[in-house]
Trainee: 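My structure is below; once you've seen it, I'll send some questions.
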Amino acid sequence: MRSVLKISVSLLVCLTLLAGCQRNREQNADLFIFGTIIEIKLWGATPEQGDHAFSQLQEMFNGMHRDWHAWEPGRLTDINQAFAAGRPATADADIIEMIRRSQKMEQLSGGRFNAAIGGLIGLWGFHTSDYPVIGPPPSQANIDEILVHHPSSLDIRIDGLQVSSADPYVQLDFGGIAKGYAVDLAIRYLREQGITSAIVNAGGDLRAIGRHGDRPWNVAVKKPGGGIIGAVAVREDESLFTSGNYERFRQDQTERYPHILDPRTGWPVKDVASVTVIAAEGIVADAAATALVVAGIKGWPAVALALGLNQVLVVDEAGMVYLTPEMEQRMQFSGDVERVIVETNTLTRHIVTQ
Ligand code: ADP
Ligand code: MG
């Protein structure tokens, strides 16, 4: 996700009620969160429902930005300070939920997703909104200083709303999961308002429910470096998230160091350009896409299997596409795309040439 947390908060930049202003028309709003525009589309809601929902959602997003930021002072930085000092802290229900879900993703992904590596992410200079970060990588000695402690979200103890960490090097960074959770909370809110067809789309990372009138919602699958690989017709309630190594990175004279780190080495991961995951919940799709970038071109099928995911598309540094048979069925490719179908359960590969 766009560092949860970079961002200049908020503001309803644009609120467009499309012509007609009656039920069964589409209503759109562009809201801001985490430095990203979230486009919300509703189908079949009244203009009053739309107006109310858009302003409430912007309020909710402002609160998430404030409370979940990894480096601007707020609830999460307070918790990280308490961990560093060996003190317990009080969290709110949403932060507790993100900790629990992060713990599960860390466990299932064999540590490839790890929301406790805020120390390493900060060390690499990725606690910023200004990309690219210019300069050489941190020294191996500085990386090792954190790495030897093996910071893990599994070291966090949750007792009601109280959280504590046995390891002072545990520093939470929800950059890989918060956008997914934000999208889930937005969809939950819309449903509570009686809205049954909607899409909440943060620059191609999205969750959609219901339909766009008499057809499904159609969404694009992003291509590393810009453009789209193809489109997917959403079924009733689904999330589609892409994690990439091409937008945010550190750069020195010779090399690029992307912003997704392998928690086991403390270094950025390079052989994958992007991973797209379809799952029911945004929080799962978001965290899984990050985990599969870390798993790499060789490792992603086994990790996808461990995460219980069968709709995955991976693009390597050379632009080659690898995808599961279930994803192949869903994709309407834009033009000829050379690709390899990978069965995650048997790790069998079929080369597809169109
Ligand atoms: P994006 O939405 O920008 O493609 P991701 O969803 O993959 O990115 O999230 C990347 C962010 O997640 C990083 O900026 C950092 O805050 C955090 N992060 C980096 N590496 C990991 C990791 N291995 N596990 C969990 N979070 C990570
Ligand atoms: Mg992610």
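As the structure lists them, so they are numbered: ligands from 1, and atoms in each ligand from 1.
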Trainee: Please work out whether the ring planes of Tyr189 and His52 are parallel, tilted or perpendicular, with thresholds of 30° and 60°.
Mentor: tilted

Trainee: To make sure I understand the geometry: which N, O or S atom in Asp286 is closest to the Mg ion (ligand 2)?
Mentor: OD1

Trainee: Side chain or backbone of Glu247 under 4.0 Å from ligand 1, or both, or neither, by non-hydrogen atoms?
Mentor: neither

Trainee: What do the steps show when you test Arg112 against Glu106 for salt bridge (charged side-chain N to carboxylate O under 4.0 Å, His left out), and what is the final call?
Mentor: CA-CA 6 Å; Arg112 289 165 184 86; Glu106 185 179 332; over 6 Å; no

Trainee: State, without any angle test, whether Tyr169 and Asp155 hold a side-chain donor-acceptor pair at a distance under 3.5 Å.
Mentor: no

Trainee: Specify whether an N/O/S atom of Gly176 falls short of 2.8 Å from the Mg ion (ligand 2).
Mentor: yes

Trainee: Could you tell me whether Arg250 sits above the aromatic face of Tyr131, with NZ or CZ closer than 6.0 angstrom to the six-membered ring centre and within 45 degrees of the axis?
Mentor: no

Trainee: Pro263 to ligand 1: N or O pair under 3.5 Å?
Mentor: no

Trainee: Are His127 and ligand 1 in contact, using a heavy-atom cut-off of under 4.0 Å?
Mentor: no

Trainee: Checking the N or O distance criterion of under 3.5 Å, is ligand 1 in contact with Asp262?
Mentor: no

Trainee: Give the contacting part of Ile121 toward ligand 1: side chain, backbone, both or neither, where contact means a heavy-atom distance below 4.0 Å.
Mentor: side chain

Trainee: Below 6.0 angstrom between ring centroids: does that apply to Tyr181 and Trp68?
Mentor: yes

Trainee: Among Met105, Lys179, Arg248, which one has a heavy atom closest to atom 3 (O) of ligand 1?
Mentor: Arg248

Trainee: Within a distance under 4.0 Å of any heavy atom of Arg112, pick out the atoms of ligand 1 and give their elements.
Mentor: 22 (C), 23 (N), 24 (N)

Trainee: Does the side chain of Leu240 come within less than 4.5 Å of Val221's, by heavy atoms?
Mentor: yes

Trainee: Any atoms of ligand 1 less than 4.0 Å from a non-hydrogen atom of Asp286? List them with their elements.
Mentor: 6 (O)

Trainee: Run Ser153 and Gln103 through side chain to side chain donor-acceptor pair (under 3.5 Å) and show every step you take.
Mentor: CA-CA 6 Å; Ser153 68; Gln103 288 176 326; 5.1 Å; no

Trainee: Any luck finding a side-chain donor-acceptor pair between Trp217 and Glu236 under 3.5 Å?
Mentor: no

Trainee: Which atoms of ligand 1 have any heavy atom of Val294 under 4.0 Å away?
Mentor: 23 (N)

Trainee: Judging by distance only, is a nitrogen or oxygen of Ile260 under 3.5 angstrom from one on ligand 1?
Mentor: no

Trainee: Can you find a side-chain donor-acceptor pair between Asp173 and His127 that sits under 3.5 Å?
Mentor: yes

Trainee: Under 3.5 Å, is there a donor-acceptor pair between the Ser274 and Thr242 side chains?
Mentor: no

Trainee: Would Phe126 count as a contact residue for ligand 1, given that I'm defining contact as a non-hydrogen atom of the residue lying under 4.0 Å from a ligand atom?
Mentor: no

Trainee: Under 4.0 Å from a heavy atom of Gly176: give me the atoms of ligand 1 that qualify, with their elements.
Mentor: 6 (O), 9 (O), 11 (C), 12 (O), 17 (C)

Trainee: Return yes or no for this condition: an N or O of Gly175 is under 3.5 Å from an N or O of ligand 1.
Mentor: yes

Trainee: Give the atoms of ligand 1, by number and element, whose distance to some non-hydrogen atom of Gly244 is under 4.0 Å.
Mentor: 4 (O)

Trainee: Do Phe126 and Leu261 have side chains that approach each other closer than 4.5 Å (heavy atoms only, starting at C-beta)?
Mentor: yes

Trainee: Could you tell me whether some N/O pair between His259 and ligand 1 is separated by less than 3.5 angstrom?
Mentor: yes

Trainee: Could you name the option among Asp173, Asp205, Thr36, Leu120 that has the heavy atom nearest to atom 16 (O) of ligand 1?
Mentor: Asp173

